[in-house]
**Student:** 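Starting off with a structure, shown below.
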Number of protein chains: 2
Amino acid sequence: MTIEAHRKTTIMDIAAKANVSPSTVSRVLRGSAEVAEAKRTAVMQAVTELQYRPNIFAQSLASGQSMTIGVLTQNFGSPFYDGILHGILLGLEKTEYWPLFADGRWHPEIELNAFHLLLDRRVDGLIVIGGQLAEETLRTVAQRTPLIVVARRIAALPDNSLYLNNFAGGYNATRYLLDMGHRDIVHITAPNVNPIAIDDIEQRYQGYQQAILDAGLQLDPRLVVEGNLQQQSGVLAVEMLLSRGRPFSAIFTANDQMAFGARLALYRRGIRVPEDVSLVGFDDEAFAPYMVPPLTTMRQPAAEMGQTAAKAVLDLLNKKKPNLPLFEANLVVRESVTRH
Amino acid sequence: MTIEAHRKTTIMDIAAKANVSPSTVSRVLRGSAEVAEAKRTAVMQAVTELQYRPNIFAQSLASGQSMTIGVLTQNFGSPFYDGILHGILLGLEKTEYWPLFADGRWHPEIELNAFHLLLDRRVDGLIVIGGQLAEETLRTVAQRTPLIVVARRIAALPDNSLYLNNFAGGYNATRYLLDMGHRDIVHITAPNVNPIAIDDIEQRYQGYQQAILDAGLQLDPRLVVEGNLQQQSGVLAVEMLLSRGRPFSAIFTANDQMAFGARLALYRRGIRVPEDVSLVGFDDEAFAPYMVPPLTTMRQPAAEMGQTAAKAVLDLLNKKKPNLPLFEANLVVRESVTRH
DNA sequence: CTGTTAGCGCATTCAT
DNA sequence: ATGAATGCGCTAACAG
């Protein structure tokens with residue numbers, strides 16, 4: 001058993017079989033130059049016959065390109081982020097680029113590590129979804145590598161970040177409840193979570209406040225409760241609320257998960273939804289339509305954002321200025337809200 | 001460690017700076033041989049000073065190893081699969097291997113393509129989560145590359161597949177309802193979904209049947225309804241069931257999503273859970289504890305399976321026979337079931 | 001222990 | 001249009 005016997009087929013093998021030089025093989029394979037039709041087909045045939053597959057490492061080493069786009073996410077399984085992931089996948093599907101995923105797990109150290117490993121793999125472009133990387137770090141990288149940050153606003157990189165208008169989302173959700181006749185509207189926010197989400201959440205809160213004021217009503221701090229985005233905190237928030245004794249007819253939560261928790265707490269207290277209290281969430285998680293009753297919520301266009309992000313990095317790779325619209329969440333009306 | 005470094009510093013630069021040969025640099029960097037302490041530290045210092053980062057492509061090309069484990073999943077966002085993903089991430093975390101993800105999107109062609117792209121990237125090992133790749137294909141690859149298939153039983157590869165005892169899961173769920181005094185137990189199954197899941201689902205159904213028989217009861221086809229694993233099909237299943245007029249006091253669904261749908265349908269019909277009908281799901285999705293009322297369900301040890309899979313490929317890489325236990329789903333009791 | 005010498009497989013100049 | 005030559009950055013076999 002010689003080494004030869006098991007050696008992988010290389011560009012040389014197919015060059016020999018097709019009676020051409022290795023360079024010609026390379027030319028037809030990557031279409032980098034015109035080649036006589038006869039040789040062309042001879043090469044292609046040899047390729048299929050020998051089941052040749054190029055060695056990516058050799059290719060990348062020689063060309064300096066990896067044909068990959070690094071994608072840094074924060075936990076496979078977060079509904080919103082996964083939606084973005086799908087969009088990216090879709091946006092890259094018909095291109096020559098292949099996504100390389102890394103998971104920051106919402107851990108600053110793990111995230112930084114993953115980020116570097118992506119860079120070590122010499123990705124040609126980079127998409128960062130949310131996360132907590134220092135803006136400084138992102139700025140530095142952006143100078144050298146096409147970079148798009150999704151679901152996070154980087155003030156210093158207006159042309160590289162893509163995010164949602166959370167203020168409008170909070171405003172519209174609240175506005176809807178007002179239009180339905182509600183006057184005592186609770187908001188469950190989440191001020192002390194990780195640094196990036198906090199910004200979005202704060203925006204939603206601001207939107208809530210502005211809508212109340214625009215309706216000519218007064219802000220009442222007793223109607224605002226704090227959670228941490230987890231379902232359980234929605235439960236606690238409602239408990240807290242009820243203990244305050246301030247009457248209310250509707251609840252708007254900063255995300256769906258807390259709405260789920262809130263709904264459970266109301267159920268345990270025997271408070272009916274939507275007869276006694278209306279409920280509006282934010283995210284439109286897969287479960288929202290199947291809650292009892294189905295949850296009215298703000299849908300974030302995650303997939304569209306991901307796809308736009310993918311197109312944007314490709315634009316950057318081609319030295320074109322990418323088009324980065326400001327996205328908005330849309331109200332999805334379901335049965336958890338009634339006219340008051 | 002900053003970003004600048006990823007540029008052009010090569011092993012030669014640091015060799016020059018440390019006054020040693022490139023090979024010595026390589027030796028200390030990868031610990032492949034003993035090196036005098038003095039040179040060692042000189043090299044290390046040069047490395048940090050020049051912010052050197054090895055070129056992965058050159059490394060892999062020269063060594064023949066990529067230090068990556070390919071992971072083929074089927075849609076980022078499926079709760080069970082994501083759990084496995086997390087487990088794999090965890091299992092690989094402290095090793096020298098880095099996971100390379102690909103998404104088959106539940107599309108046979110896309111999956112096969114992704115599979116090949118993973119192989120093209122010369123992964124040292126491979127973990128396939130579910131999917132529909134031909135057993136033949138898997139067997140061929142397994143001969144050449146360490147391969148573990150998770151959440152799918154490959155008869156021809158008993159030492160490479162890792163899955164759950166779904167029969168026991170179905171049996172235990174049904175058994176629990178029987179123990180609670182229920183006699184007219186509905187099962188919502190899903191016979192016509194994709195080829196791989198169908199096997200698991202069928203096993204759950206078999207478990208249900210066996211439990212009924214073991215309790216000395218008769219199987220009644222009118223108590224079995226078919227869905228397709230989606231929430232919406234749970235809604236339809238219950239509608240169908242009610243139209244049959246056959247009384248029942250409990251429903252066991254083949255997955256949580258259909259349980260969600262079923263619960264919604266019951267709500268719309270004014271049938272109370274659990275007072276009128278008890279409900280048991282399968283998967284323990286994140287939402288289950290927050291359903292109204294909280295859902296009793298079978299929890300699959302996804303993360304453990306993923307971690308075990310990761311360890312198993314590493315074992316294969318080290319020519320050790322991996323330990324592949326048969327996993328089981330555990331009952332998680334919540335308020336959606338009452339004694340009958 | 002350590003420096004020298006060859007490749008790893010391919011892309012890309014150069015010449016022709 | 002095409003073959004020969006060079007190098008991408010690193011590892012490993014071979015001497016010393």
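Just so we're clear, the structure is a prediction, and the values are computed from it rather than from any experiment. Values reported hereafter were calculated over all heavy atoms of this structure, with side chains retained and with hydrogens, waters and symmetry mates removed. Chain naming here is simple, since letters A, B, ... match the order of the sequence lines and numbering starts at 1 in each.
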**Student:** Mind calculating the distance between CD1 (A/I56) and P (C/dC8) to the nearest angstrom?
**Tutor:** 19 Å
**Student:** How long is the line joining CZ of A/F57 and C1' of D/dT11, in whole Å?
**Tutor:**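 After rounding, the reported distance stands at 14 Å.
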**Student:** Report the residues that fulfil side chain to side chain donor-acceptor pair (under 3.5 Å) with A/R121, sequence neighbours left out, ordered by chain and then residue number.
**Tutor:**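 A/R121 satisfies side chain to side chain donor-acceptor pair (under 3.5 Å) with no residue once adjacent residues are dropped.
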**Student:** Starting from the 5' end of DNA chain D, give me the residue, B/A62 or A/A62, whose nearest nucleotide shows up first.
**Tutor:**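 Nearest nucleotide further toward 5': that of A/A62.
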**Student:** Roughly how many Å is it from CD1 in B/I11 to C1' in D/dC10, rounded to a whole number?
**Tutor:** 6 Å
**Student:** Select base, sugar-phosphate, or nothing to describe what A/S26 touches, counting heavy atoms under 4.0 Å on all strands.
**Tutor:** base
**Student:** How long is the line joining NZ of A/K8 and C1' of C/dG7, in whole Å?
**Tutor:** 18 Å
**Student:** State which residues pass side chain to side chain donor-acceptor pair (under 3.5 Å) with A/E135; sequence neighbours excluded, sorted by chain then number.
**Tutor:** none
**Student:** Listed by chain and number, what are the side chain to side chain donor-acceptor pair (under 3.5 Å) partners of A/Q307, not counting sequence neighbours?
**Tutor:**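 A/Q307 satisfies side chain to side chain donor-acceptor pair (under 3.5 Å) with no residue once adjacent residues are dropped.
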**Student:** Applying side-chain hydrogen bond (donor to acceptor under 3.5 Å, both in side chains), which residue pairs with at least one partner in residues 12-25 of chain B are found, sequence neighbours left out?
**Tutor:**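 For residues 12-25 of chain B, and leaving out neighbouring residues, the side-chain hydrogen bond (donor to acceptor under 3.5 Å, both in side chains) pairs sorted by first residue read B/K17-B/E49, B/S21-B/S23, B/S21-B/T24.
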**Student:** For the pair made of CE in A/M67 and P in C/dA11, what is the distance, rounded to whole Å?
**Tutor:**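 Rounded to whole Å, this separation is 11 Å.
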**Student:** List the protein contact pattern of nucleotides 1-6 of chain C with one symbol per nucleotide (5' to 3'): B for base contact, S for sugar-phosphate-only contact, - for none; contact means a heavy-atom distance under 4.0 Å.
**Tutor:** SBBB--
**Student:** With sequence neighbours excluded, what pairs up with B/Q65 under the side-chain contact (heavy atoms from CB on, under 4.5 Å) test?
**Tutor:**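 For B/Q65 the side-chain contact (heavy atoms from CB on, under 4.5 Å) partners, ignoring immediate neighbours, are B/S63, B/M67, B/Y97, B/D124.
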**Student:** Please give the angle, rounded to 10 degrees, between the axes at the start and the end of the helix from C/dC1-D/dG16 to C/dT16-D/dA1, where five pairs define each axis.
**Tutor:**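 Axis angle across the helix from C/dC1-D/dG16 to C/dT16-D/dA1, nearest 10°: 40°.
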**Student:** Would you mind reading off the distance between B/R30 atom CZ and D/dA12 atom C1', rounded to a whole angstrom?
**Tutor:**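 After rounding, the gap between these two atoms is 10 Å.
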**Student:** I'd like a table of donor-acceptor pairs (distance under 3.5 Å, sequence neighbours excluded) in which one partner is a side-chain atom from residues 26-44 of chain A, with atom names and distances.
**Tutor:**
from: A/T41; atom 1: OG1; to: A/E37; atom 2: O; distance (Å): 3.4
from: A/T41; atom 1: OG1; to: A/A38; atom 2: O; distance (Å): 2.9

**Student:** Rounded to whole Å, how long is the line connecting atom CD of A/Q65 with atom P of C/dT12?
**Tutor:**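 For the pair A/Q65 CD and C/dT12 P, the rounded distance is 8 Å.
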**Student:** Between A/S60 (side chain) and A/F57 (backbone), is there a donor-acceptor pair under 3.5 Å?
**Tutor:** no
**Student:** Quick one: side chain to side chain donor-acceptor pair (under 3.5 Å) partners of B/D103, sequence neighbours excluded?
**Tutor:**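 By the side chain to side chain donor-acceptor pair (under 3.5 Å) rule, B/D103 matches no residue at all.
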**Student:** Rounded to whole Å, how long is the line connecting atom CG of B/N55 with atom P of D/dT11?
**Tutor:** 10 Å
**Student:** Can you measure from OG1 (A/T308) to CD1 (A/I88) and round to the nearest 0.5 angstrom?
**Tutor:**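 Rounded to the nearest 0.5 Å, the OG1-CD1 separation comes to 10.5 Å.
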**Student:** Side chain of A/Q59, heavy atoms from C-beta onward: which of C/dG9, D/dG9, C/dA11 has the nearest atom to it?
**Tutor:** C/dA11
